A.B. asks: 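Okay, here's the structure, questions in a sec.
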Amino acid sequence: MKSLSHIVSAALLGGVLCTTPLLVSAETVTAKAVMETYVNLAHAGFSDAFTTAKVLQEKIDALIANPSAETQQAAQDAWLAARKPYSQTEAFRFSNKNVDDWEGQVNAWPLDEGLIDYVKTDAYDHEEGNQFASANIIAGTDKIDVELLKSLHEKGGSEANVATGYHAIEFLLWGQDFNEDPKDAGKRPHTDYAKGDVCTNGNCERRAAYLKAATDLLVADMQQMADDWADGKAGNYRSGFLALDEKEALRRMLFGMGSLSLGELAGERMNVALLAHSQEDEHSCFSDNTHHDIAENARSIQNIFNGTYTRTDGTTVTGASLAQLVASNDAKASETLVSKLADTKQKAEAIVDAAKNGENFDQQILPDNKDGNKRIKAAIAALRSQTGDIEAAAKAVGIDSLNPETSDSFGG
Amino acid sequence: MQATLAITLGALLLPGIANSSSLSVAEGTPQQHEGFAIGGAFFQQPWVSSPASTTARDGLGPLFKANSCIACHVQHGRGHPPLTDTENFLSTIVKLSIPAHSAAQQTAVKTLGIAPEPTYGDHLQTLGIKGLPGEGTPRFTYTEVHGQFKDGETYTLLQPQLHIDGLNYGALHPDTQFSPRVAPPLFGMGLLESIPDAEILANADPDDHNADGISGKPNQVWDIATQQTKLGRFSWKANQPSILQQTADAFRNDIGITSILFPEQPCTTAQTACHALPEGGKPEIPANLLETVVFHVAHQPVPSRRDTDDPQVIQGQKLFNQAGCVACHTPTFPALANQPHQPYSDLLLHDMGEGLADKRPDFAASGNEWRTPPLWGIGLTEKLSGHTRFLHDGRARNLLEAILWHGGEAEAAKQHVLSMHKSEREALLRFLNSL
């Protein structure tokens, strides 16, 4: 087994560079340098998620102060913009305990909407025995603040009791999507936040308080995660990560990539929705943003392997990459994975293109939409296929098992 | 399905629940995640009545108990009886049968283990779809049972009595046998399935030839997939031979979802309106989706033990051995010897005495016999499930009460515990809570 800090053979790397122009040219790529890139990518991604969440907060404050179609649209646009960098952070999950512990409050789904607000009861299926599924916090009397929302999250042990995070905010901005017009997302009226007699569906002030509290919590959560990966903060997760044994650090990077690729994205987020032909299983079902979630999640995996991330301001963060490190041991393994990731990107973009042409994810998964189903299946197949190459890449750098059993991030 | 599971069993061995209060976090190598995640989604999401836009998840009922697996197996953990007056029997089922007399009834026993109650079938389904009335509403009342330890400290146990209100399909057969059972926790199901029959049978001593007062009887049950009699190893009476059959049985009887193993709706011939309601496909859960749910259940991890170096825990383990608990709660099997978690069960049937008897035979299990339940993960019940109710009907309010209900073959072990000093009892409980 070659040392992980082995000097890269320029000849081996050449083949990779041809197919991946984004890769930095490096004489030497060490595991330590790859770890540095990884924490820099994480910090940039979570910082962008924080910045865009703050913009969302401003727009939501404006909506609450002056509810109108325009301020609602601006808040919805800000939510969509905030999802983009966040979705590119998801490959940092699954093997970094700090992200896993934090993620449930930020991105849990699907949610029982009736926990939060009014629902159209004949279009609302919730878990039997989940006594909180119809709690309708907004119609209640408890003081709505961040603490209340945190206390209700996953209440009663049901994961469907999602009171916080992006999807709670999404539901409050868009409302339920009934697919009355296939092209529509949720159609919550802005008057759900109106003051006085023009308030629709009751409790507008409490709804606004909920939206505000959920957004404030999201901003605070993003700040916390950006801090956790920031340079120069003693004792944060970044410093702990950089102090890890090299193999453990690489194992975490690759395990996160593989887990997002196969179980989470190909499995739970795409195949479950496809198998059930059900928008209840769609990731961003209220806003119909699922196609972007998919593409950005796929990009998240690519970013880590290629060691590059394009920030929301257009600048690029880049550094010594896993692709280069893998190539130094097994050029073919690196090259194959780079091309598989590119293929997945193309397949995911086909789903986005179809959505841009008016066929959202929830339309593409309908049982009689053969082309749509085929498109989703192709992306799932690409994600599955690349996962095998992620394992092969792991082997190339001396990690025989991506099993978390060997990881101290799982309590070992 | 078996082959898939055999290949992947190596990934089951997880060091505890670590970073999540829920055990449902997908673990294993990435290649194993997809089946686990998809199965998990079908384990958690509610099933809906037909016809519905979600064609893969319709077919709920017509009669059912819950609309998802997770409703009873909350956080994949242990069910419980109603803890308050307003709560229903959600994570507790009531099984029904009658004594088998006629030839037809005796034939039913060969494949079902019991002869179903003629009008209501073998499970009481409390809910129905589209205006179809549920079968009835079970509830418990409790009688206090008082006792005393040898050191003078007194205790009180709760003896449940089952009542069923609002029977919507007429009277029950006068000889109906009832068995309320809580949903068992799903820790390490795949590991239990991986134990060779021979290793379980090696501990069997049905006629107590060694005269230690402990029998250990294998249940022999009907395996639908192979149409053969097989060793039962799952459920409170070991009446299920495989995770597949247990899962399919729960889908059919608890959610009303038909499958390749149970193609018939949970309607008896007497329930005509039930038969007239729409189905969600034949079968309602396709084989490939059933397989993912089985995969998900099989790969539920086992929590790591905690505080194993604590002197009180070590003392408790000695007392557990000395009291003879290990005669049935055998720590492990050769097949599991090289992995860090020990089930503490022989997976065999034992006579537990009159106090716990449901008086309802099930295949080879008599009305007094119960399968030794595995103890791994038992100390995490409160953390995971938010309660500490134990035994098949959840009557024990804590682990000590569960021990005190032991009778029959476990009488001597219980007497041992009754004679322990308070500090010894505490150590014993500390050990159990470390599992």
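Below, read A as the first sequence line, B as the second, and so on, with proteins coming before strands; counting in each chain starts at 1. The basis for the numbers below is simple: all heavy atoms, side chains too, and nothing from hydrogens, waters or symmetry mates. Quick caveat: nothing in here was measured; it's all calculated off a predicted structure.
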A.B. asks: Give a yes or no on this: more than 12 heavy atoms of other residues, nucleotides or ligands lie within 6.0 Å of atom NZ of Lys282(B).
C.D. replies: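 Counting other residues, nucleotides and ligands, NZ of Lys282(B) stays at 12 neighbours or fewer.
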
A.B. asks: Can you list everything that forms a side-chain contact (heavy atoms from CB on, under 4.5 Å) with Thr84(B)? Sequence neighbours excluded, please.
C.D. replies: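 Expected list: Thr86(B), Glu87(B).
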
A.B. asks: Tell me the closest heavy-atom pair linking Asn67(B) and His126(A), and the distance in Å.
C.D. replies: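 Closest approach of Asn67(B) to His126(A), heavy atoms only: ND2-O, 2.8 Å.
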
A.B. asks: Heavy-atom cut-off 4.5 Å, strictly under: side chain, backbone, both or neither for Leu90(B) against chain A?
C.D. replies: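 Side chain of Leu90(B) only, per the 4.5 Å heavy-atom cut-off to chain A.
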
A.B. asks: Take a 6.0 Å sphere around NZ of Lys130(B) and say whether it holds more than 12 heavy atoms from other residues, nucleotides or ligands.
C.D. replies: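 Yes, NZ of Lys130(B) has more than 12 neighbouring heavy atoms, counting only those of other groups under 6.0 Å.
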
A.B. asks: Listed by chain and number, what are the ring pair (Phe, Tyr, Trp, His ring centres under 6.0 Å) partners of Phe42(B), not counting sequence neighbours?
C.D. replies: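 Expected list: none.
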
A.B. asks: Against chain A, work out which of Ser91(B), Ser68(B), Gly39(B), Pro46(B) has the most heavy-atom pairs shorter than 4.5 Å and name it.
C.D. replies: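 Greatest number of close heavy-atom pairs with chain A: Pro46(B).
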
A.B. asks: Counting only non-hydrogen atoms closer than 4.5 Å, does Ile365(A) touch chain B with its backbone (N, CA, C, O), its side chain (CB onward), both, or neither?
C.D. replies: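 Contact with chain B is absent: no heavy atom of Ile365(A) under 4.5 Å.
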
A.B. asks: Looking at Val272(A) and Ile38(B), what are the two nearest heavy atoms and their distance?
C.D. replies: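 Taking Val272(A) first and Ile38(B) second, the nearest heavy atoms are CG2-CA, 3.6 Å.
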
A.B. asks: For Ala37(B) and Gly263(A), work out which heavy atoms get closest and say how close.
C.D. replies: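 Scanning both residues, the minimum pair turns out to be CB-O, 3.2 Å.
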
A.B. asks: With a 4.5 angstrom heavy-atom cut-off, could you sort out which part of Asp281(A) is near chain B: side chain, backbone, both or neither?
C.D. replies: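 For Asp281(A), side-chain heavy atoms alone lie under 4.5 Å from chain B.
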
A.B. asks: Can you see which heavy atom on Ser278(A) is nearest to which on Arg57(B), and at what distance?
C.D. replies: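 Reported closest heavy-atom pair: OG-NH1, 4.3 Å.
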
A.B. asks: Is it true that, when you exclude Asp309(B) itself, more than 12 heavy atoms of the residues, nucleotides or ligands shown sit nearer than 6.0 Å to its CG?
C.D. replies: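 Atom CG in Asp309(B) is not packed in, count stays at 12 or less.
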
A.B. asks: What's the separation between atom CD in Glu280(A) and atom CD in Gln45(B), rounded to the nearest 0.5 Å?
C.D. replies: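 Glu280(A) CD to Gln45(B) CD: 7.5 Å, rounded to 0.5 Å.
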
